[in-house]
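FYI, side chains are in, hydrogens and waters are out, and symmetry mates aren't considered; it's all heavy atoms of this structure.
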Amino acid sequence: MPRAIHPPLQPQNLLRSLRAQVPRKAFRDFRNRVSFGAAAPLSDECIYIDPRAVTHRYVPNPKQGAPKFRRKDSGRIATGDWDQSVAPLPHNIKEEAIEQHFLDGVPWEQTALFAKLSRDIAEKGMADDCHTVEELRARYDRMDRLYDEASRTGKLLPKNALPDYFRREHGGIFVHIDRNGRAIRSGGGMHRFAVARLLGLTEVPAQVGVVHFDAVQNGLLAAFRRAQ
């Protein structure tokens with residue numbers, strides 16, 4: 001359902017908009033569309049990927065022309081060989097916790113992940129955007145609901161259908177697109193991605209990251225888009 005007021009423009013979200021560099025992203029969108037038309041990516045754009053086909057992650061290596069990209073770089077078009085700096089996806093601590101919890105019934109509080117995040121909160125004051133253990137528990141309560149919904153419906157809802165919606169697919173599964181039109185994981189949305197893989201989902205929403213110039217030139221982003 002359309003929002004009455006675009007969330008980034010709401011007064012309570014202005015600081016968040018600045019941190020997410022929304023003004024810079026808006027300028028990037030304009031510049032991309034002038035240069036490439038409808039084939040150009042939009043910052044924070046919602047695209048759809050097959051989690052089973054995503055087998056590699058991006059490995060930053062600035063000395064070799066592979067910068068460290070973040071969500072603020074969403075929609076950026078980049079030339080060069082940065083997209084060749086990849087490695088097979090590892091089995092990480094978040095994926096392990098999700099498997100233990102949903103397959104073996106292990107309570108979140110008994111996983112190594114929850115223990116690590118709790119320590120990080122105590123030592124650093126924050127972990128995964130949570131400032132207290134109570135916030136951490138609430139986060140994993142939401143994860144339970146997300147899993148139940150995805151298990152029942154066979155899909156993950158896009159960000160614009162969720163209560164925490166901010167801008168397009170900002171905050172979702174973060175992927176870059178290489179020169180051959182392959183999606184590469186790059187941090188962000190790790191829990192959602194792990195749930196999708198655990199359930200064997202074949203199409204899930206994702207936030208577009210950096211897109212290789214060749215992929216834009218050859219119209220390869222179209223394969224990730226849904227007709228509106």
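- Residues that satisfy the side-chain contact (heavy atoms from CB on, under 4.5 Å) test with E123, not counting sequence neighbours, are R119.
- Under a hydrophobic clustering in which Ile, Leu, Val, Met, Phe, Trp and Tyr are joined whenever their side-chain heavy atoms come within less than 4.5 Å, directly or via other members, V195 and L103 fall into the same cluster.
- Side-chain contact between I121 and C130 is present, with heavy atoms from C-beta onward closer than 4.5 Å.
- Applying the salt bridge (charged side-chain N to carboxylate O under 4.0 Å, His left out) rule to pairs touching residues 108-117 yields E109-R137, K116-D120, sequence neighbours excluded.
- A salt bridge is absent between R142 and E149: the closest approach of a Lys/Arg side-chain nitrogen to an acidic carboxylate oxygen does not fall below 4.0 angstrom.
- Between the side chains of H191 and Y140, at least one donor N or O lies within less than 3.5 Å of an accepting N or O.
- The ring pair (Phe, Tyr, Trp, His ring centres under 6.0 Å) search around F224 returns none, not counting sequence neighbours.
- No side-chain heavy atom of L201 sits under 4.5 Å from any side-chain heavy atom of K155.
- Between the side chain of R185 and the backbone N or O of G187, at least one donor-acceptor pair lies under 3.5 Å.
- Side-chain atoms of E45 come within 3.5 Å of backbone N or O of L42 as a donor-acceptor pair.
- In this view, F213 and F36 satisfy the ring pair (Phe, Tyr, Trp, His ring centres under 6.0 Å) rule, not counting sequence neighbours.
- Following chains of ILVMFWY side-chain contacts shorter than 4.5 Å, one can reach L221 starting from V204, so the two form part of one hydrophobic cluster.
- In this structure, the separation between CD1 on I49 and CD1 on I184 is 11.5 Å, given to the nearest 0.5 Å.
- Checking Q207 against R71 by side-chain atom types alone, a donor-acceptor pair falls below 3.5 Å.
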Working note: L156 + R192, criterion side-chain contact (heavy atoms from CB on, under 4.5 Å); need CA distance, chi angles, decisive distance, verdict.
CA-CA 8 Å; L156 288 183; R192 289 168 62 85; 4.1 Å; yes
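- Atoms NZ and CG, on K124 and L117 in that order, are 10.0 Å from each other to the nearest 0.5 Å.
- No side-chain donor-acceptor contact under 3.5 Å links D73 to the backbone of F69.
- Test K72, K25, K159 against D44 for side chain to side chain donor-acceptor pair (under 3.5 Å) and you get one pass: K25.
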Counting only pairs under 3.5 Å, give me each side-chain donor-acceptor contact of residues 174-181, with atom names and distances, residues two or more places apart or in other chains.
| residue | atom | partner | partner atom | Å |
| --- | --- | --- | --- | --- |
| H176 | ND1 | V210 | N | 2.9 |
| H176 | NE2 | S186 | OG | 2.9 |
| D178 | OD1 | N180 | N | 2.9 |
| D178 | OD1 | G181 | N | 3.0 |
| D178 | OD1 | R182 | N | 2.7 |
| D178 | OD2 | R182 | NE | 3.1 |
| R179 | NE | D83 | OD1 | 3.3 |
| R179 | NE | D83 | OD2 | 2.9 |
| R179 | NH2 | G80 | O | 3.1 |
| R179 | NH2 | D81 | OD1 | 2.9 |
| R179 | NH2 | D83 | OD1 | 2.7 |

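- Other residues, nucleotides and ligands contribute at most 12 non-hydrogen atoms within 6.0 Å of the CZ atom of R24.
- Taking a cutoff of 4.0 Å between a charged side-chain nitrogen and a carboxylate oxygen, E95 and R197 qualify as a salt bridge.
- Partner of W108 under the ring-ring contact (aromatic ring centres under 6.0 Å, His included) criterion, chosen from Y147, F102, F114: F102.
- P205 has its side chain within reach of C46: a pair of non-hydrogen atoms, C-beta onward, lies under 4.5 Å apart.
- At distances below 3.5 Å, at least one donor-acceptor pair connects side-chain atoms of R28 with backbone N or O atoms of S74.
- Between E99 and L198 the shortest side-chain heavy-atom distance falls below 4.5 Å.
- A side-chain contact (heavy atoms from CB on, under 4.5 Å) with N32 is found for one member of V211, I77, V216 and no other, namely I77.
- When hydrophobic clusters are built by joining Ile, Leu, Val, Met, Phe, Trp and Tyr residues whose side-chain heavy atoms come closer than 4.5 Å, directly or via intermediates, Y165 is not grouped with L15.
- Residue L146 holds its CG atom at 7.5 Å from CG of L162, rounded to the nearest 0.5 Å.
- Of all the heavy atoms in A66 and S85, the pair that sits closest is CB-CB, 3.7 Å.
- How far CD of E135 is from CE of M126: 10.5 Å, rounded to the nearest 0.5 Å.
- Remark: Q100 pairs with E96, V106, T111 by the side-chain contact (heavy atoms from CB on, under 4.5 Å) rule, at least two apart or across chains.
- To the nearest 0.5 Å, atoms CZ (R57) and CE (M190) are separated by 9.5 Å.
- Contact annotation: the side chain of L136 approaches that of S118 to within less than 4.5 Å [non-hydrogen atoms, C-beta and beyond].
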Going through the checks in order, is the side chain to side chain donor-acceptor pair (under 3.5 Å) test met by S43 and D29?
CA-CA 6 Å; S43 58; D29 292 344; 3.1 Å; yes
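- Contact record, P51 with E203: CD-N, 4.2 Å, taken as the closest heavy-atom pair.
- Judged purely by atom type and a 3.5 angstrom limit, N92 uses its side chain to pair as donor or acceptor with the backbone of K94.
- Side-chain contact check for R76 versus P41: every heavy-atom pair is 4.5 Å or farther apart.
- A distance of 10.5 Å separates CZ in R145 from CE in M143, rounded to the nearest 0.5 Å.
- Note: the hydrophobic cluster containing Y58 does not contain I173 (ILVMFWY, side chain heavy atoms under 4.5 Å, direct or indirect links).
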Evaluation steps, side-chain contact (heavy atoms from CB on, under 4.5 Å), between W82 and Q64
CA-CA 8 Å; W82 61 269; Q64 298 297 322; over 6 Å; no
Would F166 and V22 count as a side-chain contact (heavy atoms from CB on, under 4.5 Å) here? Give the steps.
CA-CA 11 Å; F166 173 60; V22 173; 4.2 Å; yes
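- In terms of modelled atom types and a separation under 3.5 Å, the side chain of R139 and the main chain of D128 share a donor-acceptor contact.
- The side-chain heavy atoms of H101 and P107, taken from C-beta on, include no pair separated by under 4.5 Å.
- Taking the side chain as every heavy atom from C-beta outward, R33 and R31 never approach each other to under 4.5 Å.
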